[in-house]
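Every number for a ligand or one of its atoms is a count from 1 in the order of the listing.
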Amino acid sequence: MTEDNIVIVGGGLAGATAAKTLRAEGYKGPLTLLAEEPQAPYLRPPLSKEYLLGKEGEDALPVVPAGWYTENDVELRLGVPAAALDPGARMVDLADGTRLRYSALLLATGARPRPIPLPGSDLDGVMTFRTVEDSRRLRDALAGGGRNVVLVGSGWIGMELAAAATSYGNTVTLLGLEQVPLAAAIGPELGSFFRSLHESRGVRFRLPSSAAGIAGDAGRVTGVRTDDGDVLAADLVVVAVGVVPETSLAAAAGIELDNGILTDASLRTSAPGVFAAGDVANALHPFTGRHHRSEHWSNALNGGKVAGRAMLGRDAVLDTIPYFYTDQYDVSMEYSGFPTLIEGPPVIRGSLEAGEFLAFWQRGGRVVAGMNVNWPRSAKPQKAIKALIAAQSPVNPAALADPDVTLEQLLPEP
Ligand code: FAD
């Protein structure tokens, strides 16, 4: 191979973490981070929570302090997307006409809001939600309260936006295709818990129901037409119906795709020298032997670390158990595990009514996923849940539900 020159495409958490890892692992060669957005890489989870609620400022968002890139000799090219990739020649074309040669390249291009062809989507007051500008704009619109907000989509982002909008004193209606919100992510039992939480704060659900179009007057939104012919009054509409992995560069370069960019467990794509990490990567997971594409913070963080090491030819495998969290009103939830392995309803320890519980899902008697809701963090429930999943030993459901049995007692003898 010719001289080292590592290029990272995508200035999100995965890209920035890979850059940090490369320097921490002692890579001293040229390192370029291409970021399409005008801001240096930032964290997205606060955009629908603390930042949107005005509890955190923009200073809480950057992945690394602003001076880190210069101090570590990382060339950060903001607002300059990569436009084309030639894996045969190991060249990447930038939108500004520059060409860069690479010895290894990471695709950390993330995901974009799923577009839906809704007539009226171009009216003022209709938006999708992914970036810090989206969050700033929504915060400005919500902060005064008293507005009719319609959220299209009953997934995590829709639910978090519902919590924020309600907390500011707006009237919120949430539309979704599911019978129960979040059912696709955590099943109907726990989805119903979140629905009740929101209803107790005044959120109205229209489920299952889909938006058929958006009504407006003088270029501004006035309502959302549902598929059953109703019109819901709206001053503001956020369409949050999931994301699609940003695979356009990889697709045009002939890299193998299937629900994102396919990689092995070391995040290598089908093109030599090209790696993928974060929301865009559908990586082989050694635990399940299947490919998993995760759209969560911890996957971008861990994937960035693994990609950084793998690009240096080190042994590195993404084998962490998937994890994510959400905060809505005064409810904090954490979840670890493999939703695709779940068989049957959850086992609950604690009380759904009181809003403090653990939930476990099993397959063939083994724990494959677990959640804690408002459970004391000092008890480190996620550490124990991950250990139970990793142990792969059958666990008696009655013992899982029994608060007198510690989770550590359920682990097999070392
Ligand atoms: P991204 O963050 O999407 O970054 C990719 C970057 O690449 C983008 O800036 C994009 O513009 C850029 N890019 C794309 N194409 C190009 C190109 N050709 N050239 C240059 N740059 C390009 N996860 C949780 O676990 N818990 C949460 O509570 C949570 N809350 C969230 C709230 C919101 C509002 C959002 C949007 C996400 C949330 N997530 C949460 C998910 C989490 O933030 C993502 O999984 C994570 O951001 C993925 O990081 P990434 O680096 O893979 O991609």
>> Are any of the N/O atoms on Tyr323, whether in the backbone or the side chain, positioned under 3.5 angstrom from an N/O atom of ligand 1?
In response: no
>> Keeping Asn282 on the side-chain end and Leu262 on the backbone end, is there a donor-acceptor pair under 3.5 Å?
In response: no
>> To check your reading of the model: name the closest protein heavy atom to atom 19 (N) of ligand 1, its residue, and the distance in Å.
In response: Ala82 N, 2.9 Å
> Which residue owns the protein heavy atom closest to atom 23 (N) of ligand 1, what's the atom, and how far is it?
Replying inline: Trp297 N, 3.2 Å
>> I'd like to know whether CG of Asp330 has more than 12 heavy-atom contacts from other residues, nucleotides or ligands below 6.0 angstrom.
In response: yes
>> Within the 4.0 Å heavy-atom shell around Leu249, which atoms of ligand 1 are there?
In response: 18 (N)
> Is Arg206 salt-bridged to Asp230, cutoff N-O under 4.0 Å?
Replying inline: yes
> Under 30°, 30 to 60°, or over 60°: which ring-plane class applies to Trp297 and Tyr325, parallel, tilted or perpendicular?
Replying inline: perpendicular
> In the protein, what heavy atom is nearest to atom 51 (O) of ligand 1, and what distance, to one decimal place, separates them?
Replying inline: Ala14 N, 2.9 Å
>> For atom 33 (C) of ligand 1, what's the nearest protein heavy-atom neighbour? Residue, atom name and distance, please.
In response: Ile157 CD1, 3.3 Å
>> Regarding atom 29 (C) of ligand 1: of the candidates Gly15, Gly303, Pro45, which has the closest heavy atom?
In response: Pro45
>> Counting non-hydrogen protein atoms only, what is the nearest one to atom 26 (N) of ligand 1? Give residue, atom name and distance.
In response: Tyr325 O, 3.2 Å
> What protein heavy atom is closest to atom 52 (O) of ligand 1, reported as residue, atom name and distance in Å?
Replying inline: Asp279 N, 2.9 Å
> Who's closest to atom 41 (C) of ligand 1 heavy-atom-wise, of Glu295, Arg44, Glu160, Glu37?
Replying inline: Glu295
>> Can you confirm, on distance only, whether ligand 1 has an N/O atom lying under 3.5 Å from any N/O atom belonging to Leu13?
In response: yes
> Hey, is ligand 1 close enough to Ser48 that some N/O pair sits below 3.5 Å?
Replying inline: no
>> List the residues meeting salt bridge (charged side-chain N to carboxylate O under 4.0 Å, His left out) with Asp227, not counting sequence neighbours, and say none if there are none.
In response: none
> Between Glu256 and Thr269, do the side chains contain an N or O donor and an N or O acceptor separated by less than 3.5 Å?
Replying inline: no
>> Does anything in residues 346-374 form a ring-ring contact (aromatic ring centres under 6.0 Å, His included)? List the pairs, not counting sequence neighbours.
In response: Phe193-Phe357, Tyr335-Trp361
>> Looking only at protein heavy atoms, which one is nearest to atom 22 (C) of ligand 1, and what is the separation?
In response: Glu36 CB, 3.6 Å
>> Tell me if the CZ atom of Arg220 is crowded by more than 12 foreign heavy atoms within 6.0 Å.
In response: yes
>> Counting neighbours of NZ on Lys49 that are heavy atoms of other residues, nucleotides or ligands and sit closer than 6.0 Å, is the number greater than 12?
In response: yes
